[in-house]
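Just follow the structure's listing: the first ligand is 1, and inside any ligand the first atom is 1. For reference, positions follow the sequence shown, starting with 1. Given the structure is predicted, the values throughout are model-derived calculations rather than measurements.
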Amino acid sequence: MSSYKEQVDKSKLPTHVAIIMDGNGRWAKERGYNRIFGHQNGVTAVRQVTEAAAEIGIKYLTLYAFSTENWERPQSEVDALMELLIETIEKETSTLNKNNVRLLAIGDLKRLPVKLEEKLLRCIDSTSSNTGLSLVLALSYSARWEILNAVKNMAKEIESTHITADSITEENFSNYLTTKTIPDPDLLIRTSGELRISNFLLWQLAYSELYFTKTHWPEFSKECFYEALCNFQQRERRFGK
Ligand code: FPP
């Protein structure tokens, strides 16, 4: 049996794959460790999947790294996740550059600790001219926050622009979303068995194919990613037509 990587049709790749990385806590608990250990091993999976996406030629990979709702977790877990993000971004910037990967971020970045925001902006700036994979981190992100934020900004600008209520279209509304320069996902992957969207990219996922796997995120390997691509390629997409 050939590997899933060999079975992927490179002429029919999704342009944008988005992932809800779920199950770090359960993975750790099942092994008798604390949740932080699960997140640390989650970083290994992030590295693997980013490499897999870049190797096969995916243009956009969006990872749901921290949701607006995640701020409600115990302070010690929030602090550990922030520290892990700071460390990882710092450590991986040179690898991103070596592999021609551009980093982008979506979400309410002003809520992040100053140190993380600084590291993030520095990495985004340092990788901005890379032309391979765009790796999009969703941080302090939720779709309802994003949509409300877009409506507020559109309302504020309505007096100074030519937009009227009747001239609002999908296109000009999309320009107020944090994803305005990013195409909609073709494929959404969620790990760890939960069958939900959980406030992620609600506008952008309108026509995306959904793929759910029971595998916990720390165990989601390159082959798991390629398996999801093969599954996507067997589907017929009609965009409601
Ligand atoms: C979900 O597992 C995972 C998260 C909320 C955090 C994801 C973060 C990482 C993988 C680490 C850092 C990421 C990057 C991009 C460097 P969970 O805690 O909800 O697991 P559970 O549902 O089993 O409790």
Colleague: Counting non-hydrogen protein atoms only, what is the nearest one to atom 5 (C) of ligand 1? Give residue, atom name and distance.
Modeller: N70 OD1, 3.5 Å
Colleague: Would you call the rings of F37 and W27 parallel, tilted or perpendicular, taking 30° and 60° as the class edges?
Modeller: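 Ring orientation of F37 relative to W27: parallel.
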Colleague: Sort and list the pairs that fulfil salt bridge (Lys or Arg N to Asp or Glu O under 4.0 Å) and have at least one residue in residues 44-54, not counting sequence neighbours.
Modeller: R47-E92, E51-K222
Colleague: Could you check atom 1 (C) of ligand 1 against the protein and tell me its nearest heavy-atom contact, residue, atom and distance included?
Modeller: M21 O, 3.0 Å
Colleague: Run the salt-bridge test on E69 and R196 with the 4.0 Å N-O cut-off and return the result as yes or no.
Modeller: no
Colleague: Please could you name the atoms of ligand 1 that V43 approaches to less than 4.0 Å, counting only its heavy atoms?
Modeller: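 With V43 as reference, the close atoms of ligand 1 come out as 11 (C), 12 (C).
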Colleague: To which protein heavy atom is atom 19 (O) of ligand 1 closest, and what is the distance rounded to 0.1 Å?
Modeller: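 That would be R73 NH2, 2.9 Å.
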Colleague: Please list the nearest protein heavy atom to atom 14 (C) of ligand 1 with its residue and the distance rounded to 0.1 Å.
Modeller: L85 CD2, 3.7 Å
Colleague: Heavy-atom contacts with R26 under 4.0 Å: which atoms of ligand 1 show up? List them by number with element.
Modeller: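 Listed by number with element: 21 (P), 22 (O), 23 (O).
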Colleague: For Y64, is at least one N or O under 3.5 Å away from an N or O on ligand 1?
Modeller: no
Colleague: Name the orientation class of the two ring planes belonging to F220 and W217 (parallel below 30°, tilted from 30 to 60°, perpendicular beyond 60°).
Modeller: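 Correct class here is parallel.
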Colleague: Using a 4.0 Å heavy-atom cut-off, say whether L137 meets ligand 1 through its side chain, its backbone, both or neither.
Modeller: side chain
Colleague: Can you pull out the closest protein heavy atom to atom 16 (C) of ligand 1? Residue, atom name and distance to 0.1 Å, please.
Modeller: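 Checking every protein heavy atom, the shortest distance to atom 16 (C) of ligand 1 gives T88 CG2, 3.7 Å.
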Colleague: Does S198 have any side chain to side chain donor-acceptor pair (under 3.5 Å) partners at least two apart in sequence or in another chain, and if so, which?
Modeller: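 S198: side chain to side chain donor-acceptor pair (under 3.5 Å) contacts with R190.
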Colleague: For atom 6 (C) of ligand 1, what's the nearest protein heavy-atom neighbour? Residue, atom name and distance, please.
Modeller: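 In this structure, atom 6 (C) of ligand 1 has A65 O, 3.4 Å as its nearest protein heavy atom.
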Colleague: Any donor-acceptor pair under 3.5 Å linking the side-chain atoms of E146 with those of Y141?
Modeller: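 There is such a pair between these side chains.
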Colleague: Counting non-hydrogen protein atoms only, what is the nearest one to atom 20 (O) of ligand 1? Give residue, atom name and distance.
Modeller: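 Closest protein heavy atom to atom 20 (O) of ligand 1: G25 N, 3.0 Å.
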Colleague: Give, for atom CD1 of I163 and atom CD of E157, the distance between the pair rounded to the nearest 0.5 Å.
Modeller: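 CD of E157 is found 7.0 Å from CD1 of I163.
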Colleague: Considering distance alone, does some N or O of R35 sit under 3.5 Å from an N or O of ligand 1?
Modeller: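 N/O-N/O distance under 3.5 Å: yes.
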Colleague: Check whether any side-chain heavy atom of F66 sits under 4.5 Å from a side-chain heavy atom of M82, and report yes or no.
Modeller: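 Yes. Closest side-chain heavy atoms under 4.5 Å.
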Colleague: Does V78 share a hydrophobic cluster with L85, counting links as ILVMFWY side-chain heavy atoms below 4.5 Å and allowing steps through other members?
Modeller: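 Same cluster: V78 reaches L85 through Ile, Leu, Val, Met, Phe, Trp or Tyr contacts under 4.5 Å.
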Colleague: Can you pull out the closest protein heavy atom to atom 2 (O) of ligand 1? Residue, atom name and distance to 0.1 Å, please.
Modeller: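 For atom 2 (O) of ligand 1, the nearest protein heavy atom comes out as N24 N, 3.2 Å.
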